[in-house]
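Just the heavy atoms: all of them, side chains too, but no hydrogens, waters or symmetry mates, feed the values below. Everything numeric here is computed off the predicted structure, so don't read it as measured data.
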Amino acid sequence: MYDELVATMASHSDPPPPFQFFADVVSSVDLDRVPIAEEPPEYFDFGEYVPEIFRLAEFNKKHNLSQWQTRDAGYFFENLHPYIVLRLLLENPTNLKRRLTWRHADVVDGGWVDADAVYEGLDDRDQFLLITEGTSDTAILRKAIEILRPDIVDFFRFVDVDAYPFSGSGGLYRFCQGLAAIRLQNKTVAIFDNDAVGTTDCTRVRQLSLPTSVRALQLPALPQFSQFRCIGPAGTTWEDINQRAAAIECYLDLAGPNEPTVRWLSYDKTHDRYQGALELKETHTKRFLDLRHWDRSYDFSKLERVLDCLYEECIRCT
């Protein structure tokens with residue numbers, strides 16, 4: 001794109017620097033070090049803005065730009081597509097923490113483009129299909145991504161578990177068997193709870209002959225679950241519920257008037273362990289789903305770990 005513009009404007013301006021020179025200058029710029037005028041000029045004539053930018057110290061720290069601080073050079077650089085500059089600024093890791101605002105309201109209001117055309121969406125090949133054990137898991141995970149990872153929410157879509165008769169951990173395993181049989185090529189992550197049946201079925205899925213684009217993820221084991229209040233045949237105890245009873249509801253903020261408690265429900269003779277469930281999980285789920293945005297009073301730390309693991313698993317799909 002840069003070279004095409006050079007060829008197009010060869011007769012209209014002095015020769016600009018080679019692309020690599022320009023790229024070296026812009027990619028070295030730390031935007032935190034670029035001064036912002038308290039009262040910036042309201043208007044620049046064409047060709048006047050870039051020369052002013054090229055006089056800033058931050059743009060001259062690697063190369064001297066005095067040769068291109070002219071209005072003639074400004075004609076070239078102000079015809080340059082902004083995506084080029086934006087992309088080069090992102091080469092500097094210090095700029096990656098900044099938010100980017102797409103200001104398209106004026107072109108929509110002016111009738112230049114339709115509002116629906118502004119949002120392009122993603123192709124199926126760029127999205128990840130997430131399959132959970134049930135409706136509650138899907139609702140919690142979707143909400144967590146919306147609140148904690150809004151910048152990547154468009155990359156995920158969920159299987160509607162109500163649309164197929166495969167709910168539960170065993171059903172999710174059978175669903176993955178089907179994916180293995182048809183050699184599904186879409187990037188897919190099956191997500192199992194960190195409990196007894198989830199551990200068993202996640203292990204079984206990983207033993208299937210799955211395409212590399214299909215992954216099985218178990219919710220992460222966390223130190224917060226190593227001493228958890230439990231009620232069962234032995235009465236009240238404090239036990240490690242990792243791989244035994246940590247369904248996705250356990251990753252919510254469990255603060256409340258009652259101490260979080262897991263009740264042991266059934267015994268898995270094959271693996272010599274009990275399967276448990278969090279009490280009052282519907283209450284904790286409702287409290288989380290009622291959130292409208294990030295709330296500093298809510299403890300998202302365990303959900304953050306879930307999303308970190310999901311992100312890493314998705315990277316392995318690519």
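Side chain of Glu249 to backbone of His284: no donor-acceptor contact under 3.5 angstrom is found. A donor-acceptor pair is defined here as one N or O able to donate and one able to accept, closer than 3.5 Å; such a pair exists between the side chain of Glu78 and the backbone of Val50.
Taking the six-membered ring where the residue is Trp, His81 and Tyr83 present tilted rings, their angle falling between 30° and 60°.
Cluster annotation: Tyr274 is not connected to Leu265 through the hydrophobic network of ILVMFWY side chains, with a link wherever side-chain heavy atoms come within less than 4.5 Å.
Rounding to the nearest 0.5 angstrom, the gap separating the CD atom in Gln243 from the SG atom in Cys202 is 9.5 Å. Between the CG atom in Leu278 and the CZ atom in Arg229 there is a gap of 12.0 Å [rounded to 0.5 Å].
No hydrogens or angles considered: a donor-acceptor pair under 3.5 Å links the side chains of Thr200 and Arg273. When only modelled atom types and interatomic distance are considered, Asn64 and Ser66 share a side-chain donor-acceptor pair under 3.5 Å.
Taking 4.5 Å as the limit, every side-chain heavy atom of Asp137 sits out of range of all side-chain heavy atoms of Ile191. Leu122 has its side chain within reach of Phe155: a pair of non-hydrogen atoms, C-beta onward, lies under 4.5 Å apart.
A cation-pi arrangement is absent between Lys302 and Tyr251, since the terminal nitrogen or guanidinium carbon is not both under 6.0 Å from the aromatic centre and inside a 45° cone about the axis.
In terms of heavy-atom proximity, Trp264 sits nearest to Gly232 at CD1-CA, 3.9 Å.
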